[in-house]
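So that the names make sense, note that chain A is the first sequence line, chain B the second, and so on, each numbered from 1.
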Amino acid sequence: MRWSRQFIPTLREVPQEAEIPSHQLMLRAGLIRKLSGGLYSFLPLGLRSLRKVERIVREEMDRAGALEILMPALQPQEIWEESGRFEVLRHVMFKMRDRQDRSMVLGPTHEEVVTGLAAGEINSYRQLPRNFYQIQTKFRDEIRPRFGLMRAKEFIMKDAYSFDPGWDEAETSYQAMYQAYVRIFHRCGLRTKVVEADTGAMGGKSSHEFMVLAEAGEDGLVECDRCSYAANLEQAEGRFLDTLTFGDDALTPEKVATPGQRTIEEVSAFLKAEPRQFIKTLIYVTDGKPVAVLAPGHREINEIALRKEIGADAVLADPDVIVAATGAPVGFAGPVGLSIPIVADISLRGSRGMISGANEADFHLRNIGLDRDAGEIRYLPLLIAKGGDGCPRCDGMLKEARGIEVGHVFKLGTKYSEKLGATYLDAQGEKQTMIMGCYGIGVTRTLQSVIEQSHDAQGIVWPVSIAPYEVTVMAINATHAPSVALAEQLVDGLTAAGVDVLYDDRDERPGVKFKDVDLIGTPLRVSVGERSLAKGEVEVKDRKTGALTGVPVEQALGIIVEQVQAMRAALMPPVAG
RNA sequence: CGGGGCGUGGCUCAGCCUGGUAGAGCGCCAGCUUUGGGAGCUGGAUGUCGUGAGUUCAAAUCUCACCGCCCCGACCA
C-alpha cells in the first residue's frame with residue numbers, strides 16, 4: 001500500500017482532548033477520530049490493527065473449542081425484565097421504542113439472549129458442553145466515558161458463554177477460557193496480570209480479571225510480594241497488621257469538647273492524635289433502616305463487601321437520618337450508646353483507647369474500649385485492602401498497583417440458566433440445570449491498552465502481531481530514481497512474501513517521513529537513500545530497540561522477511577495447550 | 001449528578017481583565033529552491049469567535065441561559 005493512497009492523517013501536536021498517552025497517540029497516529037464523547041470512528045490504520053486483534057481472538061477461541069455466533073445488539077426489553085437485570089442495568093442501557101411502541105434496548109452484554117437461545121435449542125446432555133461466542137458491538141450509556149476507547153459508549157467486545165452439564169465440566173470450560181485468554185494477550189504482545197475480582201452486575205460465584213498494569217488504569221489492585229495472590233481492590237482482603245490499642249486499658253470513656261471538628265482529619269489535628277486511633281463511624285441505610293459501620297480512622301470501607309454483608313441496597317445515610325439515628329449532627333457519630341445495629345471491621349476487635357464521636361454535637365469520646373463500651377457488634381472484614389497489609393494467603397505483604405481490565409472470566413453457575421429455563425435431560429432422564437460461565441474481552445480496549453503499554457516519546461511501538469503494517473519502506477529522496485526503483489522492488493518482494501508493507505512514496509523531507517513512521521509505529525522501517533546506496537546497502541531500523549542496520553542490497557529482501565518472521569514467532573505462545 | 005477547567009480557521013494557542021478593523025505558529029493551495037530526523041523564500045485560501053438572549057452607538061471581550069468537550073468524584077462490566 002502506498003502512503004499517498006492510504007489515509008493517515010497524523011497530527012504533530014497533542015490534541016487537547018486527550019489526556020493519556022495511548023489516547024493521544026491513537027489520535028496523533030491517525031487511528032481514530034472522535035464523533036462525540038465516548039464515540040469514535042476507526043480510520044484505516046486503526047481498523048487494520050483492530051481486525052488483527054479480532055483475528056487473534058477468533059483463532060484462539062476457535063482453538064479452545066468455542067463456536068462463533070452473532071446475536072442482535074437490538075433486543076426487546078422483556079428479556080431483561082425476565083432475568084431480573086433490567087433494574088440492575090437500566091441506567092447503562094440505551095432504551096428506545098420501535099414503531100409498535102415496544103420497549104427495546106441496545107445490548108450492554110448478552111447473557112439473556114444467549115441463555116434463551118440455549119434454553120430453546122439444547123435439551124439433552126448429549127448436546128453439552130457448548131461454548132458460544134461472538135465479536136460484536138456493545139452499547140453502554142456510561143456515566144462518564146473516558147480516555148478514548150478505554151471507556152466508550154459503544155465498543156467492541158468478544159463475549160463467550162459456556163454451558164455445561166455439571167460443575168466439574170464447567171470448571172474445565174472455565175480453565176479452557178482462562179488459558180485461551182493467556183494465549184490471546186500474549187499474542188497481542190500484552191503483559192497482563194490475572195487478579196481475583198468481584199462479579200458485579202454479572203453475578204455468579206467467582207471471577208478473574210486480566211489486567212494491564214498502567215498508571216492510567218481505572219481499577220486499583222493489590223498483589224502479594226511473595227505468592228501469586230493478586231486481587232482487584234473491590235475484592236481484595238488484606239490482613240490488618242496494626243494493633244489498635246492505645247494508652248491504659250483501665251481508662252474509661254471520657255467526653256471531650258471538640259467544637260466544630262467533624263472530620264477525622266480535623267479532630268485528629270485538634271486532639272493531636274493519629275487518625276488510626278479513631279473509630280470512623282458511618283451510618284448506612286439498608287432496607288430503610290440505619291446501620292452503623294465502623295472502621296479504623298485511617299482506612300476506607302469497601303462498600304461492595306459491605307453490601308454483601310448487610311444488604312445490596314446499602315447507601316450512606318442522609319444527614320437527617322444520621323441525626324435521627326445518633327442524636328447528633330454529621331461528624332459526631334460514635335459506637336458508644338448507639339441503639340441501631342453496629343457492624344465493625346475485624347481490625348477493631350479488642351481495640352482500646354480509641355476516639356470516636358459522642359453522639360452529641362461538638363463532643364467526642366476518648367478511651368473507648370470498643371467491645372467493652374459499645375453494645376452488640378458484628379465483626380466482619382469490611383476494609384479496602386491497602387499496600388502494606390498482609391497477604392491473606394501467605395506471610396507476604398501486599399503492594400498496590402493500577403490496572404486496565406482487558407478481560408474478565410466469570411463462573412456464573414445457574415444464575416441465568418435457572419431464571420431463563422436453560423435445562424436439559426441427563427442420561428437418567430432427569431431434568432437438570434445447565435452450569436454457565438461467561439467470558440469477556442474488551443477488544444477495542446485491548447487495542448488501546450497495547451499502545452498504553454508499548455510506546456515511547458516518538459510514538460507507538462507496535463507488536464508485530466497487531467501492527468497496521470509490519471514494515472514501512474521509503475525512498476529517503478522520492479525524486480532520486482535509483483532509490484525509488486529499489487524501494488518499489490523491495491515493496492513488491494515483501495508483499496509477495498506475505499509481509500504487510502506500507503510504502504511511503506511521499507515526496508516529503510526525510511525528517512517528516514521519519515517522524516511519521518516512528519509515530520505510527522511499524523515494527524521495521526526500511527529506508528533507501530543515496531548514502532547507504534553508495535555502500536551498496538539499505539538501512540533497516542528496529543522500531544522497538546532503535547537499532548539501525550545496514551543490509552546489503554542483494555540480501556535485503558531475505559533478511560527483512562526473516563526479521564518479520566522472527567518477530568511474529570516471538571509472539572506465539574511457547575507451548576501448545 | 002456534585003466540583004473544577006475549557007470552547008477563537010484542520011491542529012496547538014494568543015486576544016477577553018480594561019468593549020471599537022479577528023491574530024500567530026503549524027497544516028492546506030500555487031510557485032521556486034531544498035532532500036538522512038517535523039526545511040527556506042514568495043504569493044494565496046480558510047472563522048456564523050459553541051448556541052441563544054440581554055446590556056451597549058458598538059460584544060470574541062460584559063451579563064444570563066443553554067449546549068458540547070476534558071479532568072476529579074459519585075457510579076459503573
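- Remark on RNA chain B: of its neighbouring residues Ile143(A) and Leu548(A), the 5'-side contact belongs to Leu548(A), judged by nearest-heavy-atom nucleotide.
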Going through the distances and angles, do Val443(A) and Thr446(A) end up as a side-chain contact (heavy atoms from CB on, under 4.5 Å)?
-> CA-CA 5 Å; Val443(A) 177; Thr446(A) 296; 5.6 Å; no
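- Remark: nothing in residues 435-454 of chain A comes within less than 4.0 Å of RNA chain B through any heavy atom.
- Near RNA chain B, meaning a heavy atom under 4.0 Å from it, residues 523-545 of chain A has Arg525(A), Gly529(A), Arg531(A), Ser532(A), Glu539(A), Lys541(A) in order of number.
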Which atom pairs link the protein and nucleotides 68-70 of chain B when you take only N or O atoms and keep those under 3.5 Å?
unit_1  : atom_1 : unit_2   : atom_2 : d
rC69(B) : OP1    : Gly37(A) : N      : 2.8
rC69(B) : O3'    : Lys34(A) : NZ     : 2.9

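- Rounded to a whole Å, the CG atom of Leu316(A) is 18 Å from the P atom of rG2(B).
- The P atoms of rC17(B) and rG50(B) are separated by 15 Å, rounded to the nearest whole Å.
- Under the rule for a side-chain contact (heavy atoms from CB on, under 4.5 Å), the partners of Ile135(A) that lie at least two apart in sequence or sit in another chain are Glu54(A), Val57(A), Arg58(A), Tyr133(A), Ile156(A), Lys158(A).
- We find that CG of Asp507(A) is positioned 13 Å from P of rU33(B), with the value rounded to whole Å.
- Nucleotide rG31(B) forms a Watson-Crick or G-U wobble pair with rC41(B), both donor-acceptor distances falling under 3.5 Å.
- Under the 30°/60° scheme for interplanar angles, the aromatic rings of His208(A) and Tyr174(A) are found to be tilted.
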List, with names and distances, any nitrogen or oxygen atoms from the protein found under 3.5 Å away from nitrogen or oxygen atoms belonging to nucleotides 44-47 of chain B.
none

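- Sorted by first and then second residue, the pairs that involve residues 283-294 of chain A and meet salt bridge (charged side-chain N to carboxylate O under 4.0 Å, His left out), not counting sequence neighbours, are Asp287(A)-Lys289(A).
- Summarising the base pairing, rG23(B) is matched to rC13(B) through a Watson-Crick or G-U wobble pair whose two defining distances lie under 3.5 Å.
- Comparing the same atom, P, in rC75(B) and in rG15(B) gives a spacing of 39 Å after rounding to whole Å.
- At least one side-chain heavy atom of Arg28(A) sits less than 4.5 Å from a side-chain heavy atom of Val14(A).
- The environment of Glu265(A) atom CD is sparse: at most 12 non-hydrogen atoms of other residues, nucleotides or ligands sit within 6.0 angstrom.
- Here rC76(B) presents its P atom at 16 Å from CZ of Phe155(A), a figure rounded to the nearest Å.
- The closest donor-acceptor contact from the side chain of Ser162(A) to the backbone of Gly437(A) lies under 3.5 Å.
- Checked by atom type, the side-chain pair His408(A)/Glu405(A) shows a donor-acceptor distance below 3.5 Å.
- At a cut-off of 3.5 angstrom, the base of rG36(B) holds no donor-acceptor pair with the side chain of Asn477(A).
- Rounding to whole angstrom units, CE of residue Met474(A) and C1' of rU35(B) are separated by 13 Å.
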For nucleotides 25-30 of chain B, list the nitrogen or oxygen atoms of the protein found under 3.5 Å from its nitrogen or oxygen atoms, one pair per line.
unit_1  : atom_1 : unit_2   : atom_2 : d
rG25(B) : N2     : Glu13(A) : OE2    : 2.9
rG27(B) : OP1    : Arg12(A) : NH2    : 3.3

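- In this structure, CD of Gln24(A) is placed 13 Å from C1' of rC71(B), rounded to the nearest angstrom.
- By the 4.5 Å heavy-atom criterion applied to side chains, Leu383(A) and Pro296(A) are counted as neighbours.
- Pairing of rU63(B), defined by two Watson-Crick or G-U wobble distances under 3.5 Å, is identified with rA53(B).
- Rounded to an integer number of Å, the gap from CZ of Arg151(A) to C1' of rA74(B) is 13 Å.
- Counting only heavy atoms from C-beta outward, the side chains of Thr109(A) and Arg85(A) approach each other to under 4.5 Å.
- rG23(B) and rC49(B): their P atoms are spaced 14 Å apart (whole Å).
- Counting non-hydrogen atoms of other residues, nucleotides and ligands closer than 6.0 Å to CD of Glu215(A) gives a total of 12 or fewer.
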Could you list the donor-acceptor pairs under 3.5 angstrom formed by side chains in residues 519-527 of chain A, with sequence neighbours left out?
unit_1    : atom_1 : unit_2    : atom_2 : d
Thr522(A) : OG1    : Thr472(A) : OG1    : 2.8
Arg525(A) : NH2    : Glu539(A) : OE1    : 3.1
Ser527(A) : OG     : Glu539(A) : OE1    : 3.2

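- Atoms CZ (Arg509(A)) and P (rC41(B)) sit 13 Å apart, rounded to a whole Å.
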Donor-acceptor list for residues 30-44 of chain A side chains, cut-off 3.5 Å, not counting sequence neighbours:
unit_1   : atom_1 : unit_2   : atom_2 : d
Arg33(A) : NH1    : Leu27(A) : O      : 2.8
Arg33(A) : NH2    : Pro9(A)  : O      : 2.8
Tyr40(A) : OH     : His23(A) : NE2    : 3.4

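- With sequence neighbours left out, Tyr439(A) forms a ring-ring contact (aromatic ring centres under 6.0 Å, His included) with no residue at all.
- Pair assignment for rA58(B): none, as no Watson-Crick or G-U wobble contacts are both less than 3.5 Å.
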For Glu218(A) and Arg151(A), run salt bridge (charged side-chain N to carboxylate O under 4.0 Å, His left out): C-alpha distance rounded to whole Å, both residues' side-chain angles, the deciding distance at 0.1 Å, then the answer.
-> CA-CA 9 Å; Glu218(A) 293 187 280; Arg151(A) 178 167 297 267; 2.9 Å; yes
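- Taking atom P on both rA60(B) and rU8(B), the two are 15 Å apart, rounded to the nearest angstrom.
- Closest to the side chain of Val92(A), from the set rC11(B), rC76(B), rU35(B), is rC76(B).
- The partner of rG68(B) is rC6(B), judged by Watson-Crick or G-U wobble contacts that both fall below 3.5 Å.
- Remark: nothing in residues 208-223 of chain A comes within less than 4.0 Å of RNA chain B through any heavy atom.
- Checked by atom type and distance alone, the side chain of Glu266(A) pairs as donor or acceptor with a backbone atom of Thr263(A) at under 3.5 Å.
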Apply the test side-chain contact (heavy atoms from CB on, under 4.5 Å) to residues Gln136(A) and Leu70(A): give CA-CA distance (whole Å), side-chain angles for both, the deciding distance (0.1 Å), then the verdict.
-> CA-CA 7 Å; Gln136(A) 188 226 28; Leu70(A) 183 59; 3.9 Å; yes
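- Taking atom C1' in both rU56(B) and rC62(B), the straight-line distance is 10 Å, to the nearest Å.
- When the C1' atom is compared between rA24(B) and rG9(B), the two are found 12 Å apart, to the nearest whole Å.
- Position along RNA chain B of the nearest nucleotide to Gln458(A) versus Val14(A) favours Val14(A) as the more 5'-ward residue.
- Here Arg506(A) lies out of heavy-atom contact (under 4.0 Å) with every strand.
- Proximity of a side-chain donor or acceptor of His186(A) to a complementary backbone N or O of Val182(A) within less than 3.5 Å is not detected.
- When the options Val222(A), Asp198(A), Val195(A), Ile304(A) are evaluated for a side chain to side chain contact (heavy atoms under 4.5 Å, CB included) with Leu233(A), the one that passes is Val222(A).
- Remark: Tyr181(A) engages Phe210(A) in a ring-ring contact (aromatic ring centres under 6.0 Å, His included) (not counting sequence neighbours).
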